[in-house]
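Keep in mind that what you see is a predicted model, and the values were worked out from it rather than measured. Atoms within each ligand, like the ligands themselves, are counted from 1 in listed order.
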Amino acid sequence: MGTVQRGTGVSEHAYDRDRLRQFLSGEAAGEGLSRRGVLRLLSAAAGLTVAGPGTGTAAAAAAEKPGIIKPLPAALLTVRGTNAETNWAALRGTGYHTPVDRFFVRNHTATPVLDPAHWRLTVWGSGLRGGSVEFSYDDLRSLPAVTSSVCLECAGNGRSYFATQQGEHVTGTPWTMGAVGAARWRGARLSDVLRAAGMSRRAVDVMPRGLDPAFTDGGTDYGRVRRPMPVAKALDDVLLAYEMNGLPLLPDHGRPVRLVAPSWVGVASVKWVGDIEVSDRPLFSPWNTVFYRLFGPAFPRGGSAPLARQPVRSAFELAPGAVLPAGRGHRLTGRSWSGRGGIRRVEVSTDGGASWRDARLHDAPRPAGWVRWSTRWQPQEPGPAHLLARATDTAGHTQPAVSAFNEQGFFFDAVVRHPVRVV
Ligand code: MTE
C-alpha cells in the first residue's frame, strides 16, 4: 500500500472552476469527447424528454416492465419509467432510516443480477503507480468496515414542481419529492481501496463505472453509467458499500457493491460498480458534460460546472391532496435535508405562506443526514389549503420561494406548496 495525501489541497470550488474551463475549451480526456461531440450529445439530450410513464418509447416500455426487481406496491412507491419514487405518506412513523421496501430506485436502464462470488472490481488507469488491480467481494469485506447514515438523493428530485409551481417546461423524470432516502450504509472506504491499488500523487480524477447495460436514448449510445469525481472527494468520505440498513444490498440498490458519495448528487453513487479509472488527467463522461449540469438563462453559456453538492429541501409525510377534518388538532410531520450542512431550522406555514412558525426538530443537525420535524395544526375552515415547509441549513442556506430554471430540471429547492383539503 502506498501513501496518498488526504484531500490534495484542491477545494471543490477550485475543482469545479477548472473543470468548467476545461470543458468549455473542449479539453476532454479519456472519453474522446471533442467539443463538437459534446455539443452533438447536448442537442440529442435536449430532445430527451421523459415526461412521465407512457411518454416516449423508453418510458413506455419501462412503464410495462420497469426493470426493477423488488416489489413496487402502489402504497409505498410510484413507478416513473425505469424508476420508482418513494411515497412520502409511507415514511410517516418509519424512523430515521428509510426502510428498503420503500427506498426510491433510480435506474438508467435495468437492475442487473450479479453474483458476489464472481464479481470483481478492477482499479486501473494513468493515476496508478503500477498496473491495474482487482478486488473480489471478500477482499473488500476484509478491509476495515465503516458504517455511515447518509441521505441519497437524485439531483432531479422535485423536478415536476418546475411545471406545476413555476409553469416551466423541463426534461427528465417528473419526480415529486420522493427521490430521496436515508440509509445506514456499511462498506469499505474508497480511499482504502485506492491506496491498496497504488494511487499515485499525480492522480486528479476517479471514475467508477456500473455493470448495468449501456444507456441509449434518442439514437445516442451514452455507454455505461460512469461519472468522474475529484480525488479530493474520493479520498474524503466515499464508501464502497455492500450493506444497507444492516442487510446485504438488494440488487436494485447496487448488489454486490455500490458507491455512496455523501452530500453529492445521487448519480455520483454509482451502483453495481465494476471498475474504477484513476487518472492523472481530468476525465469526462456524458454524466458530467451533457447531464447533471445546469443549462439555462441564469447559467453561464455552455452550462454550469458539473453538479456536486445537493441543495436544501423539505417534504411533509403526507399524500398530496390529503384530507384533514376541521376543528381537530393534527400533528404534521416531515423531514428536511441539505448537501451543504445539517438542518438547523424548519419553518412551517399552514396559510399558504402568509405566516410562519418554527417546527420542532427531532434530530440533531448532521451533515449528509436529514432531520425529522413536527408541528401541530388545528384547521378551522373547510376548503382547500396549502402547507409549506422551509428549511435552513447550518451553512446558512434557506429554501427560496422560486428555483432557478434549468432545462433538465435539476436542483428544485424552492418551498413546495403541498395541497390538502380540510373537510
Ligand atoms: N449507478 C448505475 N450503475 N446506474 C444507474 O442508473 N443511477 C444513479 C445512481 N447510481 C445509477 C447509478 C442515480 S441518478 C441515483 S439518484 C442513484 O444511483 C439512485 O440510487 P438508488 O436506486 O439505490 O436509490
Considering only heavy atoms, which of R106, M244, E153, R227 lies nearest to atom 11 (C) of ligand 1?
R106
Using a 4.0 Å heavy-atom cut-off, say whether [X] meets ligand 1 through its side chain, its backbone, both or neither.
X	value
R258	side chain
S269	backbone
F291	neither
L152	side chain
N107	backbone
W272	side chain

List every atom of ligand 1 that sits less than 4.0 Å from any heavy atom of [X], numbering the atoms from 1 in the order shown and giving each element.
X	answer
G266	9 (C), 13 (C), 15 (C), 16 (S), 17 (C), 18 (O)
G210	3 (N)
F103	24 (O)
C154	16 (S)
D212	2 (C), 3 (N), 4 (N), 5 (C), 6 (O)
Y292	14 (S)

Polar side-chain atom of [X] near backbone of [Y] as donor-acceptor pair, under 3.5 Å:
X	Y	answer
S349	W356	no
Q310	E153	yes
D205	V231	no

Any carboxylate oxygen within less than 4.0 angstrom of a Lys/Arg side-chain nitrogen, looking at [X] and [Y]?
X	Y	answer
D413	R313	no
R209	E277	no
K70	D101	no

R226 NZ/CZ over W287 ring centroid, <6.0 Å and within 45° of normal:
no
Cation-pi, Y96 ring and R366 (6.0 angstrom, 45 degrees):
yes
Is the gap between the ring centers of H97 and W185 under 6.0 Å?
no
Compute the shortest N/O to N/O distance between F104 and ligand 1 and return yes if it is under 3.5 Å, no if not.
yes
Return the closest protein heavy atom for atom 8 (C) of ligand 1 as residue, atom name and distance.
V267 CA, 3.8 Å
Closest protein heavy atom to atom 1 (N) of ligand 1, given as residue, atom name and distance to 0.1 Å
K271 N, 2.8 Å
Just list the side-chain donor-acceptor pairs under 3.5 Å for residues 241-251, sequence neighbours left out, or say none.
{"unit_1": "E243", "atom_1": "OE2", "unit_2": "R141", "atom_2": "NH2", "d": "3.0"}
{"unit_1": "N245", "atom_1": "OD1", "unit_2": "R184", "atom_2": "N", "d": "2.8"}
{"unit_1": "N245", "atom_1": "ND2", "unit_2": "T98", "atom_2": "O", "d": "2.9"}

